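Residues: numbered from 1 along the sequence shown. On a predicted model such as this, the values are computed, not experimentally measured, just so you know.
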Amino acid sequence: MEKARQHPAVIMGRTAGYQGLRGLIGVVAAAATLIPALPGAAQARDEGWDPDFQITVPSGQSVSFMDIIRGEDSAVGTAVRYRFLAPGIARSDGSVAFMQAEEDMVVICQDYVLPQIHVAPGEMPDQIIIVLADRPTVHGIADPEATQFFEAYRPEDGLCIWEGF
């Protein structure tokens, strides 16, 4: 298996440099860590997901697979949450800001999650949520010391379409 993938600097016509509302959405999304887990959410390590697979992202930070949480209800239907460890986003000593991590999350969804998502025909989730955390966390348990960024995407025609949180 290939251990790293390269991705162009421009992703789906987007480049780094988001400000204003997009940046604010990221801050609000990070605050969502204080919201308890939704009932019925299932956390699992799926067969076939390599936790040691290193993902190459535009920011250059180290990103590795943590876990998958299936069966969450979202405003648009069923969501699947893919959580990744990204120590570079840490508040105290990280070097990756939300705007950079935002581009990383697109690459993770498009180049890592979509090619590896295994679902029965017609069972693609309505929403894919990408989570970056600077340290291992327990889903639904507040960890004020952790830095986490979230983005939501709609899988459509082989693409991750940003939906915003």
Hey, could you give me the CG/CD1 distance between Leu132 and Ile130, rounded to the nearest 0.5 Å?
-> 8.0 Å
Trace of the side chain to side chain contact (heavy atoms under 4.5 Å, CB included) decision for Met66 with His139 | CA-CA 11 Å; Met66 198 162 29; His139 178 64; over 6 Å; no
Determine whether Val113 and Cys160 make a side-chain contact, defined as any pair of heavy atoms from C-beta on separated by less than 4.5 Å.
-> no
Below 4.5 Å, heavy atoms only, C-beta onward: do Val106 and Ile108 meet side chain to side chain?
-> no
Evaluate the side-chain proximity of Glu163 to Val76: yes if any heavy-atom separation is below 4.5 Å, no if none is.
-> yes
Just by modelled atom types, is the Thr78 backbone N or O under 3.5 Å from a matching donor or acceptor in the Asp126 side chain?
-> yes
Spatial distance of atom CG (Asp93) from atom CD1 (Ile89) [nearest 0.5 Å] | 11.5 Å
Quick check: does any side chain N or O of Glu103 sit under 3.5 Å from a backbone N or O of Gln100, one acting as donor and the other as acceptor?
-> no
When rounded to the nearest 0.5 angstrom, what distance separates CE in Met105 from CZ in Phe98?
-> 4.5 Å
Heavy-atom check, side chain of Gln127 versus side chain of Tyr153, under 4.5 Å = no
Can you tell if the side chain of Ile55 reaches within under 4.5 Å of the side chain of Ser64, non-hydrogen atoms only?
-> no
Using side-chain hydrogen bond (donor to acceptor under 3.5 Å, both in side chains) as the criterion, list what pairs up with Arg135, not counting sequence neighbours.
-> none
Under 3.5 Å, side chain of Gln110 to main-chain N/O of Gly158, donor-acceptor pair present?
-> yes
Can you check whether Glu102 reaches Phe149 side chain to side chain, under 4.5 Å on heavy atoms?
-> no
Are a donor atom and an acceptor atom from the side chains of Asp104 and Gln61 found within less than 3.5 Å of each other?
-> yes
Would you find a donor on one side and an acceptor on the other, under 3.5 Å apart, between the side chain of Arg154 and the backbone of Leu159?
-> no
Which atom pair, heavy atoms only, marks the closest approach of Pro136 to Leu85?
-> N-CD1, 3.7 Å
Decide whether Arg83 and Thr137 meet the rule of one side-chain donor and one side-chain acceptor closer than 3.5 Å.
-> yes
Side-chain donor or acceptor of Asp134 paired with backbone N/O of Thr147 under 3.5 Å = yes
Inter-residue atom distance Arg81.CZ - Phe150.CZ, 0.5 Å rounding | 6.0 Å
Give the intermediate values and the outcome of ring-ring contact (aromatic ring centres under 6.0 Å, His included) for residues Tyr112 and Phe84.
-> CA-CA 11 Å; Tyr112 186 66; Phe84 297 86; 5.7 Å; yes
Determine which pairs satisfy disulfide (SG to SG under 2.5 Å) with at least one residue from residues 66-106, sequence neighbours left out, and list them in order.
-> none
Got a sec, which residues hit side-chain contact (heavy atoms from CB on, under 4.5 Å) with Pro125, two or more places apart in sequence or on another chain?
-> Val80, Ile117, Val119, Ile128
Less than 4.5 Å apart, any side-chain heavy atom of Gln148 and any of Val131?
-> yes
